[in-house]
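Okay, so here's the structure we're looking at.
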2 protein chains.
Amino acid sequence: MGPGMVSTAHRLRDEIEGLIVTGVLAPGEKLDEVQLANRFAVSRTPIREALQQLAAAGFVEIRLRRGATVVRIGPERLVEMFEVMAELEAMCARLAARRLSDADRAALLEAHASCRAAAEREDPDAYYYENERFHYALYRAARNGVLEEEARRMHARLKPYRRLQLRVRNRVGASWREHDGIVQAILDGDPAQAADRARAHVTVQGERFADLMASLAQYNLAAE
Amino acid sequence: MGPGMVSTAHRLRDEIEGLIVTGVLAPGEKLDEVQLANRFAVSRTPIREALQQLAAAGFVEIRLRRGATVVRIGPERLVEMFEVMAELEAMCARLAARRLSDADRAALLEAHASCRAAAEREDPDAYYYENERFHYALYRAARNGVLEEEARRMHARLKPYRRLQLRVRNRVGASWREHDGIVQAILDGDPAQAADRARAHVTVQGERFADLMASLAQYNLAAE
DNA sequence: TTGTCATTTTGTGTATACACGAGACTTGAC
DNA sequence: GTCAAGTCTCGTGTATACACAAAATGACAA
């Protein structure tokens, strides 16, 4: 076995998280341990470990003797999550503007260029992927490992909702221009402006939720 | 069984976390599952679940087929944690200044008064406890459940180190005066000042680490 | 003595078995 | 037809058993 070896539980964690993020497992859905064990051809033990980890990461909720369900995030909580995410990104941008290393600058600019290419092709799926790389590069550039972990955690929790956002008309182009503003501020070494622009970039998404909420609310109701 | 019932695994999680926070289980220490199972007179199963949760919370590290160890936090990482904590507290204070409800104000002031009493008695242990209540009240007052959870998580991770801090000469009195500044800014409805003061309050602790690091470094070396 | 390799031992990772509470269902009264 | 009490079923929570990788041990050679 190679060095990249992971336990069954860890693999399951990633797989189930993927199912949740892509909506295959819908919010509110019950996650039966035996069912999942059969589905993945393993015993309940690693399934339970995976569910524990997903609960810690905020993807599922486990109630005593009632099993795990995919978390259903209401409008208020979603706003709260974006509010925190905005601040985390602002902090990353602020620190990045102060501390940018050559390697981090190169990574950031490369991801930024890839985003541009995807935006010009008007390819939302590609942009979704490259956008993630850009944000990860930003978190890394802050040169604070704890902050990077927290930012990635929160980013992951918002994944199911971010994906929907990019379908909105012209959102991809607007997103890239916002990225560009952040990058410029970081390259200029202007922490305050970098922070403000990063915060605004995330906040904008949160504010597009009047319409998203409508569809989401009925989606959540339907799932019950 | 009453409504406050918790599983064995959950109880173990709290107990082991307590042992880590109080230093009974030292940083770097190996956590043998069978040993812990015997110690608590349970099987390995709930022990493993507790360790999983502690790993997710950042108290232990689990490596594949090498078991769990209490995380050893180096100076750099500790600085990073305080940097993030400072920003989370600043955000809480800023939002609290904007959104303070009557109930939250009452809770904050009560905790603040309890801190004062403990500080005047020059009782570091009491102050440690009341200080925690104060900070929890602050997190709550921000009226953002996600932020509250994140702040409490990070606060918990820093517990082992905060406790040492308060032993420092005159630190308790200085801490209370800093609290007072934060409270006044919040009551005045001044978000920027509340944020700045909360950030400074946490940052001060982080900066007291020239001396703490010295003792900590030798502590960590001895534990190996 | 020191280093290397085979062997054993130990502890984790997963599977299976058992215990017990929550919720579904049945039954019966009104 | 509705609702309440009792029973049963099913799924989770915990215990135990088994598989296998990694560390520890020891034998042997340099």
Side-chain angles (χ1 to χ4, degrees), chain A residues 1-20 25-72 223-224, chain B residues 1-20 25-72 223-224:
Chain A
M1 302 204 191
M5 190 58 191
V6 295
S7 68
T8 306
H10 185 73
R11 180 176 56 80
L12 290 170
R13 187 229 126 100
D14 289 344
E15 295 208 30
I16 298 173
E17 178 176 327
L19 294 178
I20 293 173
L25 295 173
E29 189 165 339
K30 181 104 200 304
L31 298 176
D32 186 293
E33 295 177 2
V34 177
Q35 216 168 286
L36 287 171
N38 292 338
R39 179 173 189 163
F40 291 103
V42 297
S43 76
R44 278 177 57 213
T45 308
I47 292 286
R48 280 181 66 87
E49 289 206 359
L51 292 178
Q52 287 280 339
Q53 292 176 227
L54 289 169
F59 290 102
V60 309
E61 187 186 349
I62 299 178
R63 286 175 302 173
L64 184 60
R65 291 205 176 275
R66 288 184 200 181
T69 55
V70 179
V71 289
R72 177 174 306 174
E224 182 62 17
Chain B
M1 301 207 195
M5 189 59 190
V6 294
S7 67
T8 306
H10 185 73
R11 180 175 57 79
L12 289 171
R13 187 228 127 100
D14 289 344
E15 294 208 31
I16 297 173
E17 178 177 328
L19 294 178
I20 293 173
L25 295 173
E29 189 164 340
K30 181 106 200 302
L31 298 176
D32 186 294
E33 296 177 2
V34 178
Q35 218 169 287
L36 287 171
N38 292 337
R39 180 173 188 161
F40 291 105
V42 297
S43 77
R44 278 176 58 215
T45 308
I47 293 285
R48 279 180 67 85
E49 288 206 0
L51 292 177
Q52 289 279 339
Q53 292 175 227
L54 288 170
F59 290 103
V60 309
E61 187 186 349
I62 299 179
R63 287 175 302 171
L64 184 60
R65 289 202 178 275
R66 289 183 198 182
T69 54
V70 179
V71 289
R72 179 175 304 174
E224 183 60 19

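Convention: sequence-line order gives letters A, B, ...; per-chain numbering from 1. Everything quoted here is computed from the prediction, not taken from an experiment.
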N/O (side chain, [X]) to phosphate O (OP1/OP2, [N]) under 4.0 Å:
X	N	value
A/T45	C/dT14	no
B/T8	D/dT14	yes
A/K30	D/dT12	yes
B/R66	D/dA23	yes
B/R48	C/dG13	yes

Comparing B/R44 and B/E49 on DNA chain D - which has the more 5′ nearest nucleotide: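 Between the two, 5'-proximity favours B/E49.
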Can you tell me how far [atom2] of [N] sits from [atom1] of [X], to the nearest Å?
X	N	atom1	atom2	value
A/N38	C/dA15	CG	P	12 Å
B/R11	D/dG13	CZ	P	15 Å
B/R13	D/dG13	CZ	P	16 Å
A/Q35	D/dG11	CD	P	8 Å
A/E33	C/dT16	CD	P	15 Å
A/R65	D/dT9	CZ	P	19 Å
B/L64	D/dA19	CG	P	19 Å
B/L51	C/dG11	CG	P	15 Å

Working for side-chain contact (heavy atoms from CB on, under 4.5 Å), residues A/I16 and A/F59: CA-CA 10 Å; A/I16 298 173; A/F59 290 102; over 6 Å; no
Between CG on residue B/L54 and CG on residue B/L25, distance to nearest 0.5 Å: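 It is 10.0 Å, given to the nearest 0.5 Å.
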Pairwise distance CZ(A/R39) to CG(A/L19) - rounded to 0.5 angstrom: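 Reported to 0.5 Å precision, the distance equals 5.5 Å.
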Taking every non-hydrogen atom, the tightest pair across B/V60 and B/A68: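 For B/V60 and B/A68, the tightest heavy-atom pair comes out as CG2-CB, 4.5 Å.
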Sugar-phosphate only, base, or nothing, as touched by B/I62 at under 4.0 Å among non-hydrogen atoms: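 If one applies the 4.0 Å heavy-atom cut-off, B/I62 turns out to touch nothing in the nucleic acid.
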Heavy-atom check, side chain of A/R13 versus side chain of A/V6, under 4.5 Å: no
